[in-house]
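Each chain gets a letter, A, B and so on, in the order the sequences are listed, and its residues count up from 1. FYI, side chains are in, hydrogens and waters are out, and symmetry mates aren't considered; it's all heavy atoms of this structure.
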Amino acid sequence: MHHLAVDSFTIGELIILRTKPLKLNWSLVKSKTQNFISNLNPMWATQTQPSLFQPPLRSPHRSFSFKTLSSLKTPTINNYNHLIQTLCRRGNLKQALQLLPHEQNPTQRTYESLILACSSLNEPSLARVVHGHLVDDGFDQDPFLSTKLIDMYSHFGSVEDARNVFEKTSDKTIFVWNALLRALALADEGEEAISLCRQMGMLGMPLDSFTYSYGLKACVASSSSHDLAERRVRQIHGHALRHGFKTRVHVATTLIDCYAKLGSLPYSRRVFDGMTERNVVTWSAMIACYASERPFDALMLFQEMMMREPDTVPNSVTMVSVLQACAGLSALGQGKLIHAYILRRGLEAVVSVFNALIAMYAKCGNLETGRQVFDTIKCQRDVVSWNSMIAGYGIHGFGREALHLFEEMIDKGVSPSPITFVSVLGACSHAGLVQEGKRIFASMSREFGIIPRAEHYACMVDILGRAGQLDEAEKIVEDMRVEPGPTVWGSLLGACRIHGEVKRAEKACARLFELEPLNAGNYILLADIYASAKMWEEVSRIKRILEGKGLQKVPGCSWIEVKKKLYSFVSVDEMNPRIEQLHALIVRLVTEMKETGYVPNTKVVLYDLDQEEKERILLGHSEKLALAFGLINSGKGQVIRITKNLRLCEDCHTVTKFISKFANREILVRDVNRFHHFRDGVCSCLDYW
DNA sequence: ATAGGGTTAG
């Protein structure tokens, strides 16, 4: 039984593998996973908790009309304020403004209503009129109203006006300072935000936790370099420590998020561990930090919260991150448990939860369920809902369906976002729809007013490159109106790999190595291209460069969920307790294949070894191990679902096609880019991926 | 009177 435990834990290790070489502490692995497995039960789904979505109790507004006002003999200022408030709430700002001159003495309250109304009704021009009246009435020195004005201008995106209000207010309360700081942080004016903090310190202003939170956000959002941002965050962090704000829940939660955004997850965790008081937001922040990079840890942490903190009730935001983690792991069983829990908690009415569910099912290989969720949505769909579903069709290779859904979305009057086009173009690329891709790309700016960004060009390069139109792909790169980033060159390099274009690959790599000197993947891809061309000296040259930089090829890892448990396999997994059984099965199947004319595709092995050695390495590929495990441990009619951390290797692709026919099994493999549906000897990608 | 965490793509 503990063998099972070991396997499920290696999933957790897998995520670490992306940055660190594989090193397992077996006793730790055992103890941790026992725990994890014993907790893997549908308990979450049976815990009923009160719905968060009971409508808030609010007393109905008593409205006040002109009629009521004129019926009064001597209307007081409060009566006027009441009327103005009613008009503002109804969105009748102009009428409310007309009342102003008739009023002898507007109060702070009058202006507060008007300012808030301008913000929520998005009326920047009326906002200036209100501001003018406010100054005329002598409220320009009112710090309370200055705070509101700064918030309002910040909402309209005009930092300039916010700054002016700040300058003109002589009685600068902490609210006024914080308001400007927040405005600057939102507008990505980090430099100025920092100097504002410094100014506050020099004036001897006592900073509060709002100041720290806004200040930290400003550092991350906008510092010109990563190092600078990190230095600043540490500076503010230190300041907070010295002033006893270390454990204040808002400040610490912001710190967790900031360190994660700077790529220092261990620091985030250290802050989290050091907190004396944590709430849902704190836990959600930490889970969210883990969700994309280390989904297994995200699930473990969620588990811990559910077990150890009965008073901390997860909300929709928590669930979105947990679903994201399930999606990252392809953990369909876990995802279903979470779905059940969401239904019990009544959280399914939140659009972001719905969207995350769609994405989770699609990424776990259950596209139909994703579509069902999409069709039976309990709230208004937003653009993300459409994007998620379109992207879902894309990764499964259903390009036509993706295009169809895109058209439906347009027909329904939903305006597409830049991400919509990444999804649609991505779908075209996976399905080889070159003409359609070109058409969509052209329509982007012409019909929808969305200027293509680097990632859109990358999609186009991908579409053309895969289809073998490399000249045209290269032309796109040359004609780009934005700086071609690593994604664009990476797409070109990927296309060169498919079509064995050594010269062009070298050209793309020249730029890529400059832009991403530490991305091992680019070097590996080039070595791969050299190996295909049998340029072994070049292959070893690239390998020497990698070694010199201390970089390593990310080890291949595949995993499979059987009866709600995850089992993972690394390539040439000699420590795996059942390696002999799996190996025997693979050898048997491959021998069978050889009789039908199969020749092992040894060119995917990057080592210059003899044929026999190469074949041995091929047999040990992690996806083959996972497949063998799936064949042994699942029922005849069940679909085998495998996930891989890298791109599916060509030899494994061939072998899996054969097995799907030979063993008469439906096999679903998700690699980094897309899904492959194997059935009856054919793959849904039609060998084009 | 002001907070802190989340969804889609690559």
Rounded to whole Å, the CG-P distance (A:L116 to B:dA1) equals 12 Å
| query | What nucleic acid atoms does A:V251 come within less than 4.0 Å of, heavy atoms only: base, sugar-phosphate, or nothing? | reply | nothing
| task | Pick base, sugar-phosphate or nothing for A:S388, based on heavy-atom distances below 4.0 Å to the nucleic acid. | result | sugar-phosphate
Ranking B:dT7, B:dA3, B:dA1 by distance to the side chain of A:V384, first place goes to B:dT7
Note to self: So A:E112, base contact, sugar-phosphate only, or nothing? Heavy-atom distance under 4.0 Å.
What the structure shows: nothing
Requested in this report: Can you check whether any acceptor in the base of B:dA3 is under 3.5 Å from a donor in the side chain of A:S209, or vice versa?
Outcome: yes
When rounded to whole Å, the CG to P distance for the pair A:D171 and B:dA1 reads 17 Å
Geometric cation-pi criterion, A:K172 with A:F166: 6.0 Å, 45°
yes
Winner on side-chain proximity to A:V320, out of B:dT2, B:dT7, B:dG4, is B:dT7
Testing B:dA1, B:dT8, B:dG10 for proximity to the side chain of A:V422, the answer is B:dG10
Taken to the nearest whole Å, CG/A:N315 to P/B:dT7 is 14 Å
Testing B:dA9, B:dT7, B:dG5 for proximity to the side chain of A:S284, the answer is B:dG5
Base, sugar-phosphate alone, or nothing: which one does A:A458 contact when heavy atoms must sit under 4.0 Å apart? nothing
note: A:Y393, atom OH; B:dT8, atom P; distance rounded to Å ~ 18 Å
Regarding the side chain of A:R182, the nearest nucleotide among B:dA3, B:dG5, B:dT8 is B:dA3
Intermediate values then yes/no, salt bridge (charged side-chain N to carboxylate O under 4.0 Å, His left out), A:E277 and A:R248:
CA-CA 8 Å; A:E277 183 204 331; A:R248 296 293 179 87; over 6 Å; no
From CG of A:L255 across to P of B:dA3 the rounded distance in Å is 19 Å
Of B:dT7, B:dG4, B:dG5, the nucleotide closest to the side chain of A:T318 is B:dG5
What does A:A356 touch in the nucleic acid at a heavy-atom separation under 4.0 angstrom: a base, only the sugar-phosphate, or nothing? nothing
Ranking B:dT8, B:dA1, B:dG5 by distance to the side chain of A:K148, first place goes to B:dA1
If you go through the side-chain atoms of A:N673, does one of them form a donor-acceptor pair with the base of B:dG10 closer than 3.5 Å? no
Does a nitrogen or oxygen in the side chain of A:K261 sit under 4.0 Å from OP1 or OP2 of B:dG4? no
| message | Quick check with a 6.0 Å cut-off and a 45 degree axis cone: is A:R278 positioned over the face of A:F272's six-membered ring? | response | yes
* Give a yes/no verdict on a cation-pi contact between A:R182 and A:F210, requiring under 6.0 Å between NZ or CZ and the six-membered ring centre and an angle within 45° of the axis. => no
From the candidates B:dA9, B:dG5, B:dA1, the one with an atom nearest any side-chain atom of A:V317 is B:dG5
| said: Counting the atoms with a prime plus P, OP1 and OP2 as sugar-phosphate, which does A:N178 contact under 4.0 Å by heavy atoms, base, sugar-phosphate, or nothing? | reply: base
Winner on side-chain proximity to A:E455, out of B:dA9, B:dG5, B:dG4, is B:dA9
Note to self: Between A:Y361 and A:H339 (judged by ring centroids, cut-off 6.0 Å), do the two rings come close enough to count as a pair?
What the structure shows: yes
Regarding the side chain of A:K217, the nearest nucleotide among B:dG4, B:dA9, B:dT7 is B:dG4
